[in-house]
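Order of the sequence lines sets the chain letters (A, B, ...), proteins ahead of strands, with each chain counted from 1. Because the structure is a prediction, the values reported are computed rather than measured.
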There are 2 protein chains.
Amino acid sequence: MARDDKRELLLQATLELVAKQGFHGAPCAAIAEQAGVAAGTIYRYFENKDVLINELYLSLENRIHVALLEGYSVEMPFRERFLHVVRGLLKFFITSPLEFKYIEQFHHSPYGVAFRRDRMLGQTESEGCCTIYSELFTQGVAQQVIKDLPRVVLFDLAFGPIISVARNHILGFIQLDEALIEQIAEACWDSLKR
Amino acid sequence: MARDDKRELLLQATLELVAKQGFHGAPCAAIAEQAGVAAGTIYRYFENKDVLINELYLSLENRIHVALLEGYSVEMPFRERFLHVVRGLLKFFITSPLEFKYIEQFHHSPYGVAFRRDRMLGQTESEGCCTIYSELFTQGVAQQVIKDLPRVVLFDLAFGPIISVARNHILGFIQLDEALIEQIAEACWDSLKR
DNA sequence: TGCAAATGAATGAACGGTCATTCATTTTTG
DNA sequence: CAAAAATGAATGACCGTTCATTCATTTGCA
């Protein structure tokens, strides 16, 4: 088996266990078993468990970024770009429930706290991935098409409902389809537009 | 020291430790120390740690419920009742950062998962505490003043941003004041209203 | 080509540390 | 002084990580 395969197997095993059972349900022994590998083997591919957890998170962030960029152009009218991002996020989440759950677990764990602290310290300005959103909202405020609220609040108004709706879909409390996604995206827009 | 005092001390210690450091940072030994008590004493007041954690959560849910009921009346116009609840929640959260953080930690931990599962099984209809919201949204849809979306989606649109904004206030990324709270409540209303 | 030596990936038992919980003992209370 | 409350050392379960050992594969040599 090629080196990268086993590495990928370990990442996938971690994704599944953490998504389905949380970090408490994903000890190294279980991750190794799920990957069909011995516990010690983890340490041939990752310096330690923290590194494994964090690398998986980073790769998921990147996959989202790539997905959102598809069909996105700074030439599009503002409202369209906003709706594109909202729809894109929702669709990514509901078609990738394990990834969504992993990200949520990560954010609310000590890993997420440490990660945010480190990113805070290490950010020398635009961090590549968050640029889309920042740029979008800054333009919207400047063009007076959305409410003049602090950037962070605009973020919360737009993405708070998205996360919440995605979670409830994944937990089976609602069934999102194209039509409902469109209505939700429009509702998010309503809360932002002037 | 009266019996209830020591019990209260343990609940308060748990609140503080979990809020500030998460469940990982709140082992029984630390909770006992913070409460000025020996580890074994915990088990004179709570059957085990799970019970302590869950009872604390229930008491916080109840405090929120009581706070929201203050100044609330089913006689008020629909929009006013909605804004009352949104403002009330936001104000409760930002004046009770420890309580907010505890609730978030709880929701995203194995405790929260088990709790929701148990509540699902045990609910014989309206569970007292959630009645306000359910009733509110059902009426709003019936009176055609808010969008005709699934109840759960309305919940998400209204409360997703609230949680998100409260978190960012407590983490110090924004400073909420009366004016900003009002603007946010209005924005939530915009996303719901027809 | 055929054989021996070297390599390094994989293993999993073992280790040190942390945790929730127990219980024999001590302290407080009425 | 008897009963209740509080103590904290001891216990066993579980965790992440290490490392001596195994063994399939590759390399070096005649």
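Rounded to whole angstrom, the span from the CD1 atom of A:I42 across to the C1' atom of D:dC19 amounts to 16 Å. For the pair A:I31 CD1 and D:dG16 P, the interatomic distance rounds to 7 Å; values are reported in whole Å. Per the geometry, CG belonging to B:N48 stands 17 Å off C1' belonging to C:dC23, to the nearest Å. D:dA6 atom P lies 18 Å from atom CD of B:E33, rounded to whole Å. In this entry the distance linking CG of B:L17 with P of C:dC19 reads 12 Å, nearest Å. In this entry the distance linking CD of A:E47 with P of D:dT17 reads 10 Å, nearest Å. Atom NZ of A:K6 and atom P of D:dA24 are 13 Å apart (whole Å). To the nearest angstrom, C1' of D:dG16 lies 12 Å from CG of A:L52.
Residue A:R44 has its side chain nearest to C:dA9 when only D:dC15, C:dA9, C:dT11 are considered. Comparing D:dA6, D:dT7, C:dT22 by their closest approach to the side chain of B:Y43 singles out C:dT22. Closest to the A:Y45 side chain, of the nucleotides C:dA9, D:dT17, D:dT7, is C:dA9. The listed nucleotides are D:dA6, C:dC19, C:dT11; the one nearest the side chain of B:P27 is C:dC19.
In this structure, the side chains of B:R167 and B:K101 stay at 4.5 Å or more apart for every pair of heavy atoms. Looking at A:F92 and A:L60, their side chains never come closer than 4.5 Å, going by heavy atoms from C-beta outward. A 4.5 Å side-chain heavy-atom check between B:R7 and B:E55 finds at least one atom pair inside the cut-off. A:E75 has its side chain out of reach of A:R81: every pair of non-hydrogen atoms, C-beta onward, lies at least 4.5 Å apart.
Sparse packing is recorded around CD of B:E33, with 12 or fewer heavy atoms of other residues, nucleotides or ligands lying under 6.0 Å away.
Remark on DNA chain D: of its neighbouring residues B:A38 and A:C28, the 5'-side contact belongs to B:A38, judged by nearest-heavy-atom nucleotide.
Close to D:dT17, at under 4.0 Å from its OP1 or OP2, lies no side-chain N or O of A:K49.
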